[in-house]
Trainee: 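Handing you a structure now.
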There are 2 protein chains.
Amino acid sequence: MESTGSLCIDRVAGGGVQVPLSSADVITALAALAQEHRLAAFRLLVEVGPEGVSAGDLADRLAIPRSSLSFHLNQMMQAGLIVQRRESRSLIYSADFAAMAALVGFLTENCCRGSGC
Amino acid sequence: MESTGSLCIDRVAGGGVQVPLSSADVITALAALAQEHRLAAFRLLVEVGPEGVSAGDLADRLAIPRSSLSFHLNQMMQAGLIVQRRESRSLIYSADFAAMAALVGFLTENCCRGSGC
DNA sequence: TCCATATTTCCAATATCATGGAAATATAAG
DNA sequence: CTTATATTTCCATGATATTGGAAATATGGA
């Protein structure tokens, strides 16, 4: 019998059940990470953790114009890899660990058969 | 101390040590998978295993023109995700499981901290 | 209300990606 | 050497992505 989707039961603080990803979702998520500035931004958000970083800080740390970063953050939001919250005048972005876990789960289940990964 | 690359010691039949991926390598690999036909092709190659599938068969199974598939196979080869071998008139493509394991290793180590993935 | 800060949206320019038919290349067999 | 099969390369066309400055929106404070 064939499993068709990646079912990654959530283990993160906030709770919530993980829904299987469609192949279109996976493509969107992969594309969201397949770009220099976005991969760098995401890694930074992962390092920083749930506290997150404001858009301005992120632009400074990555040394890219704010409008460019805004575009990239939007891509990652639409892909569901990061979340946004407002804190006074600042918008704080943080990584969605459950989403990333689901992506890795999909890749492991669908693209790794036979290897020890 | 920070580990900077994904070090995925190989567990696959053929043997060989896994080199850490640069962030540029990761972007190339992610981009190679972030496309409908390429993701479908790669999943098919993973299912089929080391025996692989000829370019023609693959084009038929995916129902896309041969020249288009050739383009996509090239992208995945350059990304190091698949390998090619000739068998008489046919070119047989197969998934490189170690490369995929390295990619998943990178994502797990660099983009998953704190989650249970 | 008026001003300053934080960030986004708009937009035009450029670059990269994807498509598929036609021609070229590689291999094999009669 | 000629013909058939398997696949790639070439190329023009259209689609999508990326960039960054300028203008617009959101929030908070005097």
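Just so it is clear: chains get the letters A, B, ... in the order the sequence lines come, proteins before strands, and each one is counted from 1.
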Trainee: Counting side-chain heavy atoms from C-beta on, which of C/dA6, C/dA18, D/dG20 comes nearest to B/Gln75?
Mentor: C/dA18
Trainee: Quick one: A/Asp60 CG to C/dT5 P, roughly how many Å, whole number?
Mentor: 14 Å
Trainee: In whole Å, what is the span from the CG atom of A/Leu39 to the P atom of D/dT18?
Mentor: 13 Å
Trainee: Who passes side chain to side chain donor-acceptor pair (under 3.5 Å) against B/Arg61, sequence neighbours left out?
Mentor: none
Trainee: In whole Å, I'd like the distance from the CD1 atom of A/Ile27 to the P atom of D/dT16.
Mentor: 14 Å
Trainee: In whole Å, what is the span from the NE2 atom of B/His72 to the P atom of C/dT16?
Mentor: 18 Å
Trainee: So, is B/Ser88 close to the C/dT27 phosphate, meaning a side-chain N or O under 4.0 Å from OP1 or OP2?
Mentor: no
Trainee: Can you give me the N/O atom pairs linking the protein to nucleotides 24-26 of chain D at distances under 3.5 Å, or say none if there are none?
Mentor:
none

Trainee: In this structure, how many angstroms lie between the P atom of C/dT7 and the CZ atom of A/Arg85, rounded?
Mentor: 12 Å
Trainee: How many angstroms lie between CG in A/Asp57 and CD1 in A/Ile92, if you round to the nearest 0.5 Å?
Mentor: 7.5 Å
Trainee: Strictly under 3.5 Å: I want the nitrogen or oxygen pairs between protein and nucleotides 8-14 of chain C, one per line.
Mentor:
residue: C/dT8; atom: OP1; partner: A/Tyr93; partner atom: OH; Å: 2.2
residue: C/dT8; atom: OP2; partner: A/Ser70; partner atom: OG; Å: 3.1
residue: C/dT8; atom: O5'; partner: A/Ser70; partner atom: OG; Å: 3.1

Trainee: Please find the pair of heavy atoms, one from A/Leu73 and one from A/Ala55, that lie closest to each other, and give the distance.
Mentor: CD1-CB, 4.3 Å
Trainee: Could you report the tightest heavy-atom contact between A/Cys111 and B/Met100, atom names first, then the distance?
Mentor: O-CG, 3.1 Å
Trainee: Looking only at heavy atoms, what is the nearest atom pair of A/Phe42 and A/Leu81, with distance?
Mentor: CE1-O, 3.3 Å
Trainee: Send over the distance from B/Leu62 CG to C/dG20 P, rounded to a whole Å.
Mentor: 13 Å
Trainee: So for atom CD, which belongs to B/Glu36, do other residues, nucleotides or ligands contribute more than 12 heavy atoms lying within a distance under 6.0 Å?
Mentor: no
Trainee: Under 4.0 Å: is that the gap between some side-chain N or O of A/Ser68 and OP1 or OP2 of D/dT19?
Mentor: no
Trainee: Compare all side-chain heavy atoms of B/Ser94 with those of B/Val83 and state whether any distance is below 4.5 angstrom.
Mentor: yes
Trainee: With distance as the sole test, does A/Arg113 use its side chain to make a donor-acceptor pair with the main-chain N or O of B/Val46 at under 3.5 Å?
Mentor: no
Trainee: For A/Ala40 versus A/Leu62, what's the shortest heavy-atom pair and its separation?
Mentor: CB-CD2, 3.9 Å
Trainee: What is the distance, rounded to the nearest whole Å, between atom CG of A/Leu30 and atom P of C/dC17?
Mentor: 16 Å
Trainee: Nearest whole angstrom, please: distance from the P of C/dA6 to the CD of A/Glu87.
Mentor: 13 Å
